[in-house]
Amino acid sequence: MKNNQTLKSKVLQGGIYLTIRQLMGVGVSLVSVLVIARVLGPELYGVVAVASGMLFFTFWTGKLGLEVYLIRQPDLPEDAPEQVLAFYNTMGVGLCVLLWLAVPLYSLFTGQTVVAQVLKWLVPVVWLEMVSSVSISMMERELRFSQVGLIETLAQVSNSILAVSLVLMNWGYWGPIAGIGLQYILLALMASYCYRISWRWRWRWQFIRSALRYSLAYCGANFIGSLKGLTLPLFVSPLAGLEAVGIISIGIRFSDQLGILRMVVARMSISALAKLIGNPDSTRRAISRGIVYQGLLVAPIFAVFSCCAAWVIPLVFGKDWLPSLYVFPFIAFATLINTVFNLHFSALYAAGHNREVAKFNLWHVGVFWLACWILLPRLGVWGFAVAELVTVLSYYSIHRSLAKLYGSPNYWDGFCLIAATAPALFAGPWLTPIISLGILTISYALLFLLRPRVRGIPAELYSAWQSRSVSTSP
């Protein structure tokens, strides 16, 4: 019990500092998106969205899950970081060459030569991200979340400053592309400095084969889920055009940036749940509590933005971006549902039940792509919004998988939180900010009145912050 309390304290304290630094980065990122989107407009911003979407998909899949192996493997060999780094050096260079040769195929498939030109310049970033991920994974293994948050925020801020500067100098979509390049150069340098790993190119196949046997099971399931990230370049772009890509990507960007705190909990959960794997009761309680933690970090922010978006988007971005106002609540709601089940994925991964996650991802992505294929040509951006709602029902399968292993978590607080958020979230774009914020205030007042455990979470976070302050004081 004492070990569990110590782990909980470390996770909460590290998470608070990681959250603060993430929020700083999000603030700068949102300002940069504001400027870039307003200057470029939906179509040119769509070029950036398609190119970066392809890049991030490569990030998720190209590392073959070895960075998660470094975090989760209980008995990690002493030279494991050096071996993975050496493998990523070789793999990264080979992958960059392959991507460079494959870019013309994308141009041939979509007819969008301008996107293909941009992708060629982003190819080296793949290798930089692979290299930096080794040091970052080792820091996360040691629960050094505050350092991870710091270097990632500094890199992201540098990206935003360069991208905005170049866009204002009439560089067009090349400004954000240059910003992405600078971000990952700095990330690789800072990560290597904070966690030094001997640089080498040669690796032992015996070790890599053993590590891949562990990581590919995770990577295979994750690969299927990450296919959803290709929806914009493979479905929205050919079926609805680059302008629709720009509008939808802004909605996704708002959802991702405003919901960045859910990723704080999700990232820490990989390390934390791996240490609870032998205790089903502790795992179930952690998931039940984590559902509400993540919901409170995300849901109110989504709802407040939706209530104010009718005023913010036309004023800040311009009238060309108004369609993103109506798409955002659907994307945000789907993100919120995903947030509720995020810890399910981490627990199943930690227990080695990767096949269950793969089944869910296959069902989820398949339904989403089918809905997009049917609805996008008929409804445009609204087709994407409806497709997001259709996929919500698929989460029942991941609940069943977790319940068989650990028992059913307590969802009541999480679902009450969603119920309190939904009215203002969906009504926000159609009502005045005062009315919609009034609805949100009343809903949350009832939530805190009727659900004492939800009411106690802010106090628990404050207590963790205070204990951190005491422990670091001289």
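- Summarising the geometry, atom CZ belonging to Phe360 is positioned 10.5 Å from atom NE2 belonging to His344; distances are rounded to the nearest 0.5 Å.
- Between Phe254 and Phe328, the angle of the ring planes goes over 60°, which puts this pair in the perpendicular group of the 30/60° scheme.
- Arg141 is listed as a side-chain neighbour of Leu76, based on a closest heavy-atom distance under 4.5 Å.
- A 6.0 Å sphere centred on CG of Leu101 holds more than 12 heavy atoms belonging to other residues, nucleotides or ligands.
- Rounding to the nearest 0.5 Å places CD1 of Ile208 at 8.5 Å from OH of Tyr69.
- Relative orientation of the Phe235 and Trp369 rings is tilted, given thresholds of 30° and 60° on the angle between their planes.
- Of all the heavy atoms in Pro329 and Ser306, the pair that sits closest is CG-OG, 3.9 Å.
- Residues Tyr184 and Asn159 have side chains that never bring a donor and an acceptor to within less than 3.5 angstrom of each other.
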Just distance, no hydrogens or angles: give the donor-acceptor pairs under 3.5 Å from side chains in residues 165-182, sequence neighbours left out.
unit_1, atom_1, unit_2, atom_2, d
Ser165, OG, Ile161, O, 2.7

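- Side-chain N/O atoms of Ser397 and Trp363 include no donor and acceptor closer than 3.5 Å.
- Here the side chain of Ser135 pairs a donor or acceptor atom with the backbone of Tyr195 at under 3.5 angstrom.
- Note on ring orientation: taking the six-membered ring where Trp is involved, the planes of Phe384 and Phe368 are perpendicular (angle over 60°, cut-offs 30° and 60°).
- Considering OG1 of Thr153 and CG of Leu187, their distance stands at 10.5 Å, rounded to 0.5 Å.
- Looking at heavy atoms from C-beta onward, Phe330 lies out of side-chain contact with Val386 at the 4.5 angstrom threshold.
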